[in-house]
Amino acid sequence: MAQHGPGDLELIGLTKSFDDFTAVEPMDLTIPQGSFFALLGPSGCGKTTTLRMVAGLEQPTAGQILIGDTDITNTRPHQRNVNTVFQSYALFPHMSVMDNVQFGLRRRGDKDAKRKAQEALDLVELGHAGRKKPNQLSGGMQQRVALARALVNRPDVLLLDEPLGALDLKLRRQMQIELKRIQQEVGLTFIHVTHDQEEAMTMADSIAVMNAGRMEQLGDPAALYENPSSTFVANFLGQSNLLAAHVTGTAGDGRLTADVHGHEVLVDAGRVPAGLRDVWLGVRPEKLALGEGNGVNELKGTVSDASFSGVATQYLVRMPWGMDLTVVQQNDGSARARLGDAVTLSWDPGHEFVLDSAQDEDAGVEHVVVDG
Amino acid sequence: MPAWSTWSSMAELAVLSGGTARPPVRRANWVPYALLAPGLLWLAIFFVAPMLTLLSQSLQEGSVEAGYTFTANWQIYVDALQKYWPQLLRSVGYAATATVAALVLSYPLAYYIAQKAGRWKNLMLVLVVAPFFTSFLIRTLAWRTILSDTGPVAEFARATGLTDLLQALALTNNDSLLSSKFAVIAGLTYNFLPFMILPLYASLDRLDRRLVEAAGDLYATPWQGFRHVTWPLSLPGVVAGTLLTFIPATGDFINSRLLGNTQTVMVGQVIDAQFLRVLDYPLAAALSFILLVMILALVSTYVRRAGTEELV
Ligand SMILES: Nc1ncnc2c1ncn2[C@@H]1O[C@H](COP(=O)(O)OP(=O)(O)OP(=O)(O)O)[C@@H](O)[C@H]1O
Ligand SMILES: [Mg+2]
């Protein structure tokens, strides 16, 4: 078993089934005390269910939950020093905002409840709204009240179920910084569920990507991004170009040669799982350079789409075998390619990741709904 | 505390600004009144008019044979109160007791049906209203059988010493359950139970369970969660249920007649007798009017109190 500190949250074989449907497959996870942990995954993958088990609102089908050395699996929610910011806010409609925020402190007989609650409200910029009822507030304001109501208790573990989903971008960024600051100042453990991968990557110390009740991969944001362990993670976390490749031999210098639709490319040997021959060669769009080429790892194609977004331009480059590769070019003053231009794409060996070709290349691709 | 005062003044500011933020849109104002009109008309014809007739009847003197004349005889109210205050008080007391008993019995049941019954919900609701398929009178008569000295309920009560307890509480006079305070109150409780359960069910069914979960998450014990979340959110149902039970129970005359004795006479029974047997119309009308005013006073105090409690 992994070594753990006094306040670490530890899940051991945690499982939840509803009738014959398994919402959360056996999950083993240690979240160090004071860390910012993000749970990322598509809708319905079991994120909320996992949080509910930690909060005590759902009885696990199997497994254990420990905070430090204390097994809390069979304790009631009110006995756990864990608070939740609910996805649905769950504000008490018959109480003022102030009473909502004070609720937890009052139950514990905190003499200073009012002052602390006011501070928490100030923190979420709702210091003036204490007397209002929740239904007099906008969705974003309600969400901030829910945040204040949980934060004010300074729990061992704070569970945040998409706590910023209803906020506009500016407020969202502001709250992200605020959350991160609070988390570092107070040293609380945050488990943050989000759909927003950028949010997860900028805020979290480590990220777990869940898919259909299973934890696909766990690691720090950079590791997950640079070295996804499955096509699902590769596609879900950022964009990926997955090239069907076949490992053909060694090239010295710790490199292997591989064949991509008749083009020879070099691959870092350390990135190829032992014994794997048929692989997906993954290259992130920003790792692909558009232009003269670098002598190795070159692919030629024609620009089939270009969209300029200010800081960068995103191209789709049609390969001879019909596949579109996504390329992101920083707006650094270099010449921009136009639609129909013949271009050369290149990347440095070592900037790729390699996955088993048995995996579904479309796993985790977010399906974009096209209007009209 | 200074923090408090700044907070409250800020809150006032917020309230003020909230008030001015609303745009002054003018809508057609007559629509709500038009919608209200049929109801108001109904009330005028079937409630206000009979009430006034009743009031004027109570102030008349005469007899059935000689006819009645209006004499503004306010003295009848003094007489009625002097003579029948025990029955009036008893009616309120019995009805209040039955209402509390019905609330205590109904709340857990309504809670269960609304929150836990799942697919049995509809069946249980049908069962709740099933007694209404027979008449009030028949149901009350059935209670005579249920509580009869040789029935299983009485036997059980004797075996467990319940009869002694009831006697000690002066709810019964002897070993039998029938013809007692207990029987009248039990009958009232039973007869008006659905009126309590249904509004309670309606408000508990609306209750968002996630709120109760949130209370637990915020360190509230199950009891505190009930006290601070479930109960206040179900108050509209509690108020509706208690009113629907208390008001008809106060004026009821069937239960006290069929299940009681001479010491348990309720005012409804007196009014019934005065109207239909003694034929003293003014006295009956005066008693009816007193009962009405009494109920209105009690109910309005109660509703006002419940209203403020909800805001706390
Ligand atoms: N009480 C329940 N009974 C039956 N199935 C449930 C129950 N709660 C959740 N599920 C199922 O478990 C799965 C996971 O649900 P969960 O709410 O954890 O998803 P999620 O990852 O939080 O999704 P989202 O991002 O949309 O909030 C879903 O398929 C859901 O239908
Ligand atoms: Mg969820």
Side-chain angles (χ1 to χ4, degrees), chain A residues 51-52 54-58 76-110 112 114-119 121-122 126-134 136-137 146 149-150 152-153 155 158-159, chain B residues 1-22 115-116 118-119 203-239 306-312:
Chain A
L51 290 197
R52 286 173 60 81
V54 176
L57 300 172
E58 207 81 70
R76 307 290 302 266
H78 67 92
Q79 296 164 324
R80 301 185 185 193
N81 203 5
V82 172
N83 287 122
T84 311
V85 180
F86 292 92
Q87 196 167 10
S88 60
Y89 319 150
L91 299 177
F92 305 125
H94 58 298
M95 292 182 201
S96 68
V97 164
M98 187 63 175
D99 287 335
N100 263 283
V101 179
Q102 283 188 78
F103 192 91
L105 297 170
R106 284 268 188 87
R107 300 287 81 72
R108 302 184 135 186
D110 193 316
D112 225 5
K114 193 159 274 165
R115 188 186 55 76
K116 287 182 182 171
Q118 184 57 43
E119 274 176 17
L121 279 176
D122 288 337
L126 285 173
H128 59 282
R131 272 199 197 170
K132 294 198 179 183
K133 289 284 180 70
Q136 294 172 293
L137 305 179
R149 186 177 72 171
V152 76
N153 302 297
L158 186 68
L159 307 174
Chain B
M1 200 198 283
W4 163 258
S5 65
T6 52
W7 165 68
S8 60
S9 61
M10 280 166 88
E12 271 158 28
L13 263 178
V15 169
L16 279 178
S17 62
T20 51
R22 204 147 288 166
Q115 300 278 332
K116 315 260 178 208
R119 60 205 183 90
S203 69
L204 285 168
D205 192 46
R206 267 203 322 260
L207 181 78
D208 188 346
R209 255 161 97 171
R210 291 175 297 189
L211 296 177
V212 184
E213 288 184 342
D217 189 66
L218 292 163
Y219 316 121
T221 59
W223 164 250
Q224 288 172 328
F226 174 77
R227 165 79 187 77
H228 293 287
V229 178
T230 309
W231 175 257
L233 288 175
S234 66
L235 268 187
V238 173
V239 171
T308 51
E309 184 132 317
E310 215 173 343
L311 292 176
V312 170

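It should be emphasised that the depicted structure is a prediction, and the values quoted were computed from it without experimental measurement.
Neither the backbone nor the side chain of A:Leu105 comes within contact range of chain B, judged by heavy atoms closer than 4.5 Å. Using a 4.5 Å cut-off between heavy atoms, B:Asp217 touches chain A through backbone and side chain atoms alike. For chain A, the nearby parts of B:Glu213 are the backbone and the side chain; heavy atoms of each come within less than 4.5 Å.
For the pair A:His78 (side chain) and B:Ala215 (backbone), a donor-acceptor distance under 3.5 Å is absent.
In this structure, CD on B:Gln224 lies 12.0 Å from CZ on A:Arg106, to the nearest 0.5 angstrom. Remark: A:Phe92 CZ to B:Asp208 CG distance equals 10.5 Å, nearest 0.5 Å.
No hydrogens or angles considered: a donor-acceptor pair under 3.5 Å links the side chains of B:His228 and A:Arg107.
Between chain B and the options A:Arg52, A:Arg76, A:Gln79, heavy-atom pairs under 4.5 Å are most frequent for A:Arg52.
With B:Tyr219 as the aromatic partner, A:Arg108 meets the cation-pi criteria of under 6.0 angstrom to the ring centre and within 45 degrees of the ring axis.
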